[in-house]
Amino acid sequence: MKGKPSEKNEAKVLPCVLEIEKASLQLLEQAQATQAEMADYYPKMLEETCPEEVQGKADSLKRASGNIAKAFAQVYEVSDEFSARWKDIQYQKKSEKLRIPAPANTAVDLSESKGDHFAKGLNLYKILLICFVGSFAGVVVELIWCLLRNGYFESRSGLVYGPFNLLYGAGAVALTLCLYQYRNRGAWLSFAGGMIVGSVIEYLCSWGQELVFGSRSWDYSHMPFNLNGRICLLYSIFWGFLGIFWIKAIYPIMSEWILKLPNRVGKIATWVLVAFFVFNSFMTVASVARWTQRMDGVEPSGAFAEFLDERFPDERMERVFANMKFMEENHESGGFAYAQNFDRGG
């Protein structure tokens with residue numbers, strides 16, 4: 001008959017109803033019935049004729065509420081992950097139309113499950129590569145931020161060789177380790193995790209730098225809601241948004257690139273980079289230590305110290321570590337000088 005929708009068309013417009021939803025409706029009806037039943041029972045509790053029965057009902061309600069709470073947590077987790085995966089897939093499809101590579105974590109997981117790649121999942125190779133990439137990408141972002149904010153480029157490196165800063169690498173690794181299990185969940189979890197992890201890293205790095213070197217590379221004392229000048233609410237919020245951007249956008253792109261590396265080449269390249277960063281870190285610590293000694297007027301005590309003075313003079317160190325400004329204290333004790341940087345906070 002004309003105008004009468006077919007059964008196939010009707011099926012298209014009908015909403016999908018899972019068995020869990022049907023069960024939840026039945027549970028709501030049962031909860032309302034139980035509420036009415038208990039309301040009728042309350043007057044009998046005053047008679048205290050059967051305390052065992054009253055206690056039994058109370059225990060049963062507690063067990064029921066515990067079971068329902070567990071079921072709610074499980075269903076909410078499934079619902080949140082399902083919605084997040086679908087949003088990520090839709091974003092991937094839109095990015096493909098714009099020719100912008102933005103794979104969803106779901107797609108990356110599927111690609112990794114189909115092969116035996118050297119950096120599959122979240123193993124040591126993947127973590128090391130993330131650290132290297134994060135060390136470089138963080139410096140680039142800081143350089144761009146410095147240009148936009150101050151109108152000029154200024155070094156944000158944390159190592160003497162190359163545009164690398166292991167603080168950003170450690171942050172990238174920590175964000176990945178903590179947020180990896182939530183990569184297919186809602187953005188709110190990535191925000192909360194990024195905010196907490198980033199703030200803890202920033203605080204510990206500031207505290208560790210002051211403990212070991214007697215210096216600080218940033219100070220938020222003049223910022224509202226700061227904690228000992230090491231972290232503040234504004235930058236903690238930035239860490240939260242960075243957590244979302246990292247695990248939802250940067251991590252899947254980086255993982256897709258890593259999957260393109262052949263196993264043999266990828267393993268060799270990873271360990272070569274490990275050796276380079278270990279050497280770079282050693283030279284950085286040694287050169288900074290010798291720098292502070294020169295600030296205290298200490299003469300070189302051997303060939304290695306003379307090499308450091310020649311290769312890493314004050315001019316070069318000031319250019320590499322542009323944010324480090326020394327104060328005249330602790331010089332007489334021979335310790336590391338105290339440094340502060342207020343540029344980052346305002």
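Keep in mind that this is a model prediction, so the values were computed, not measured.
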Problem - Distance in Å, L261 CG paired with K267 NZ, rounded so as to fall on 0.5 Å steps - result: 12.5 Å
Problem - Hydrophobic cluster membership, Y251 vs F245, 4.5 Å side-chain cutoff - result: yes
Handout entry: Side chain to side chain, Y91 and D88, heavy atoms closer than 4.5 Å
Key = no
Handout entry: Modelled atom types, side-chain donor and acceptor of D59 and Q55, under 3.5 Å
Key = yes
Practice task
Examine distances only and state if a side-chain atom of R185 and a backbone atom of A84 form a donor-acceptor pair shorter than 3.5 Å.
Solution key: no
Problem - Nearest-0.5 Å distance, NZ of residue K120 to CG of residue D109 - result: 11.0 Å
Practice task
Mark yes when over 12 heavy atoms from residues, nucleotides or ligands other than Y41 sit less than 6.0 Å from its OH; otherwise mark no.
Solution key: yes
Problem - 4.5 Å side-chain heavy-atom contact, F321 and V160 - result: yes
Exercise for the section: Examine distances only and state if a side-chain atom of K22 and a backbone atom of V17 form a donor-acceptor pair shorter than 3.5 Å. Expected result: no
Problem - 4.5 Å side-chain heavy-atom contact, C205 and W218 - result: yes
Practice task
Before giving the answer on side-chain contact (heavy atoms from CB on, under 4.5 Å), spell out for L175 and I247 the whole-Å C-alpha distance, their side-chain angles and the decisive distance to 0.1 Å.
Solution key: CA-CA 8 Å; L175 284 175; I247 204 65; over 6 Å; no
Exercise for the section: Please assess F282 against F279 for the test ring pair (Phe, Tyr, Trp, His ring centres under 6.0 Å), listing each intermediate value before the final yes or no. Expected result: CA-CA 5 Å; F282 171 77; F279 172 74; 7.4 Å; no
Problem - F277 side chain reached by S135 side chain, heavy atoms, under 4.5 Å - result: yes
Practice task
For E21 and C16, work out which heavy atoms get closest and say how close.
Solution key: OE1-O, 4.2 Å
Problem - Euclidean distance, M254 CE relative to W246 CH2, rounded to 0.5 Å - result: 3.5 Å
Handout entry: Hydrophobic cluster identity match, L273 and L159, side-chain contacts under 4.5 Å
Key = yes
Exercise for the section: Report yes if some heavy atom in the side chain of Y203 is under 4.5 Å from a heavy atom in the side chain of V200; otherwise report no. Expected result: no
Practice task
In plain terms, say whether E210 and R230 are close enough for a salt bridge, that is, a side-chain N and a carboxylate O under 4.0 Å apart.
Solution key: yes
Exercise for the section: Kindly compute the distance separating CG (L211) from CG (L204), expressed to the nearest 0.5 Å. Expected result: 11.5 Å
Handout entry: Worked check of side-chain contact (heavy atoms from CB on, under 4.5 Å) between I237 and F191
Key = CA-CA 8 Å; I237 292 174; F191 179 86; 4.3 Å; yes
Practice task
Fit a plane to each ring of Y125 and F118, take the angle between them on a 0 to 90° scale, and name the class: parallel (under 30°), tilted (30 to 60°) or perpendicular (over 60°).
Solution key: perpendicular
Problem - Separation of N105 CG from Y180 OH (nearest 0.5 Å) - result: 8.5 Å
Exercise for the section: Verify the cluster assignment for L18 and V78: are they in a single hydrophobic cluster under the rule of side-chain heavy atoms below 4.5 Å apart? Expected result: no
Handout entry: Common cluster, V274/L177, ILVMFWY with side-chain heavy-atom separation under 4.5 Å
Key = yes
Fill in the blank from the handout: Closest non-hydrogen atoms of G266 and T270, given as atom of the first, atom of the second and distance, are O-OG1, 2.7 Å
Exercise for the section: On the 0 to 90° scale, with breaks at 30° and 60°, tag the F164-F136 ring pair as parallel, tilted or perpendicular. Expected result: tilted
Handout entry: I258 backbone acceptor or donor facing H117 side chain under 3.5 Å
Key = yes
Practice task
Any chance you could lay out the salt bridge (charged side-chain N to carboxylate O under 4.0 Å, His left out) test for R85 and E81, step after step, and finish with the verdict?
Solution key: CA-CA 6 Å; R85 284 177 180 266; E81 181 172 349; 2.9 Å; yes
Problem - Under the salt bridge (charged side-chain N to carboxylate O under 4.0 Å, His left out) test, residues paired with D309 that sit two or more places apart - result: R290, R294
Practice task
Considering non-hydrogen atoms only, spot the tightest contact between I201 and A170 and give its length.
Solution key: CD1-O, 4.2 Å
Problem - Close side-chain approach of L233 and M195, heavy atoms under 4.5 Å - result: yes
Problem - Minimum-distance pair of heavy atoms, taken over all atoms of S95 and Q92 - result: OG-O, 2.6 Å
Handout entry: Straight-line distance of T176 OG1 to Q181 CD, nearest 0.5 Å
Key = 12.5 Å
Practice task
Please check if atom CG in L61 has more than 12 non-hydrogen atoms from other residues, nucleotides or ligands closer than 6.0 Å.
Solution key: yes
Practice task
Please answer: with hydrophobic residues joined when any side-chain heavy atoms are less than 4.5 Å apart, are W271 and V133 in the same cluster?
Solution key: yes
Handout entry: R156/W145 under side-chain contact (heavy atoms from CB on, under 4.5 Å): CA gap, chis, key distance, verdict
Key = CA-CA 10 Å; R156 291 296 186 267; W145 172 249; over 6 Å; no
Problem - Nearest non-hydrogen partners of P103 and P252, listed with the distance - result: O-CB, 3.3 Å
Handout entry: D80 versus G186, closest heavy-atom pair with distance
Key = OD2-N, 2.8 Å
Practice task
Decide yes or no for L179 and I244: does some side-chain heavy atom of the first lie under 4.5 Å from some side-chain heavy atom of the second?
Solution key: no
Handout entry: Stepwise side-chain contact (heavy atoms from CB on, under 4.5 Å) check, N263 with D116
Key = CA-CA 9 Å; N263 285 353; D116 187 22; 5.5 Å; no
Exercise for the section: Give the ring-plane orientation class for F238 versus Y235, where under 30° counts as parallel, over 60° as perpendicular and anything between as tilted. Expected result: perpendicular
Exercise for the section: Determine whether S255 and K126 make a side-chain contact, defined as any pair of heavy atoms from C-beta on separated by less than 4.5 Å. Expected result: yes
